[in-house]
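First the structure, in the form of structure tokens, and then the observations on it.
In what follows, chains are A, B, ... by sequence order, proteins preceding strands, each numbered from 1.
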Number of protein chains: 2
Amino acid sequence: MKMTTGYEPILQNVAKHIALSEGETTFFCSLLQERQYHKKEYLLREGGICNQLAFLTSGCVKSYLLDQKSNEHILTIAIADWWVADYQSLVFDTPSELFIEAVEPTTALLLTKPDREILFTRIPRFEQYFRILTERAFAVSQQRITDILSLPAAARYEQFLRRYQRIAASFSQQQIASFIGVTPAFFSRMLKSKRSS
Amino acid sequence: MKMTTGYEPILQNVAKHIALSEGETTFFCSLLQERQYHKKEYLLREGGICNQLAFLTSGCVKSYLLDQKSNEHILTIAIADWWVADYQSLVFDTPSELFIEAVEPTTALLLTKPDREILFTRIPRFEQYFRILTERAFAVSQQRITDILSLPAAARYEQFLRRYQRIAASFSQQQIASFIGVTPAFFSRMLKSKRSS
DNA sequence: CCTGCCACTTGACCTATGTCAAGTGGCATT
DNA sequence: AATGCCACTTGACATAGGTCAAGTGGCAGG
């Protein structure tokens, strides 16, 4: 069927964890809204309440916050086949402190929070799907905390390279510096000293 | 029934999210194993594979890792009514880099990973229960990352006090210093400068 | 009442990383 | 070819927080 074309990636992702009948597939897709974002366009802005999750079918986004001095700190990087949202805001219904912004042209399938609740009611197996994804995301998040607490900047950069190999090239040094938690100037010096070693 | 006495706290916790019949309650409890830990006893040691979750009915535990210089870095603090596990190890079946240790005498109800799978099969609503808990834990974890990235040590301490008010007193300065990511010496100086201000 | 021990404090010094401002060098537009 | 822009680099300096080792002061056990 033509209507499911743009949904292939998400259906494959879902199929890794739970099986859906044809009717369930149709219902699930009916709750999703496809949306394109151009580079630097926002999926979410600070102050808004995050009431949807986005599944990326192409492109790449970052979520970040700005501190008092307007320095950008990247919290997450998400690429095709990943869900992204401000969980803090989504789960506790609080205003978001994050910006979520497309780093390159990006296509996303949006699922609103109320629609997700409907989905859970109609197809309870989606509880399992999201449980599994969230447990993984949580595990990765915990790892990030231990990295920040226990590793120096150079080692955090190694970790970044390992985990984001495929997409490291689409990020400027500034972005990477922000993700690993150092300034661009320091990161530049760090790279230089690595090259000569 | 006498047999469910020690299970009251966890049943109340579960009841906040899903309703269980009497039979389901009995089955759920049959998968749990109660265990006492004395102060400084380990629930999990580095190198082991974490194959269970622990629900605390009393007491307090910390999870931490040791870096190359044997400095302790506290990842999480858990108190009564919280689940604790090394999700990194539990989810990906990798050897744990964490220690989980009782900070005071603690009682836990243990649920092994295979038993949890059985639970999901027999009572699928537990998928929802754990989805909700994990989403909250993930949201809190994300917040911790943004705190570490964007706030100076003194502000991270404020956050700690806000979030762990009730139990802050059971932690030594060393533990708190480790949680917020500074050395005991620096933390001591920080407190002094706060007092005089 | 001593003795140890343990948490905490403090001083002197050190280092990783930040700040700010002035380059440099591509590369896209005209 | 000139222009401008943007990412990156670099120098000089500043600072948050670390290190190590020597106190101090409770308080628990004998």
> Under a 4.5 Å cut-off applied to non-hydrogen side-chain atoms, are A:E104 and A:S170 in contact?
Replying inline: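 Side chain of A:E104 against side chain of A:S170, heavy atoms only: contact under 4.5 Å found.
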
>> Could you check whether any side-chain heavy atom of B:V14 comes within less than 4.5 Å of a side-chain heavy atom of B:F126, counting everything from C-beta outward?
In response: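 They are in side-chain contact.
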
> Quick one: is A:K69 getting a side-chain N or O under 4.0 Å of the C:dT19 phosphate, OP1 or OP2?
Replying inline: yes

>> As a quick check of understanding, evaluate salt bridge (charged side-chain N to carboxylate O under 4.0 Å, His left out) for A:E72 and A:K62, giving each step before the final call.
In response: CA-CA 11 Å; A:E72 174 179 324; A:K62 63 178 175 178; 2.9 Å; yes

[Y] and [X] side chains, donor-acceptor separation under 3.5 Å:
| X | Y | result |
| --- | --- | --- |
| B:T112 | B:N51 | no |
| A:S58 | A:T107 | yes |
| B:Q159 | B:R156 | no |

Report the distance from atom [atom1] of [X] to atom [atom2] of [N], rounded to the nearest whole Å.
| X | N | atom1 | atom2 | result |
| --- | --- | --- | --- | --- |
| B:K194 | D:dA16 | NZ | C1' | 16 Å |
| A:L149 | D:dG17 | CG | P | 13 Å |
| B:L151 | D:dA16 | CG | P | 15 Å |
| A:Q68 | C:dT19 | CD | P | 12 Å |
| B:F186 | D:dC20 | CZ | C1' | 17 Å |
| B:N71 | D:dG17 | CG | P | 16 Å |

> Parallel, tilted or perpendicular: which describes the rings of B:Y87 and A:F138, with under 30° parallel and over 60° perpendicular?
Replying inline: perpendicular

> What class does the angle between the rings of B:F187 and B:Y157 fall in, given that below 30° is parallel, 30 to 60° is tilted and above 60° is perpendicular?
Replying inline: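 Aromatic pair B:F187/B:Y157 classed perpendicular.
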
>> So if I take residues 153-164 of chain B and measure heavy-atom distances to DNA chain C, which residues fall below 4.0 Å?
In response: none

Give each protein N/O atom lying under 3.5 Å from an N/O atom of nucleotides 6-9 of chain D, with the pair distance.
from  : atom 1 : to     : atom 2 : distance (Å)
D:dC8 : OP1    : A:Q173 : N      : 3.1
D:dC8 : OP2    : A:Q173 : N      : 3.2
D:dC8 : OP2    : A:Q174 : N      : 3.3
D:dT9 : OP2    : A:Q173 : NE2    : 2.7
D:dT9 : OP2    : A:S188 : OG     : 2.6
D:dT9 : O5'    : A:S188 : OG     : 3.2

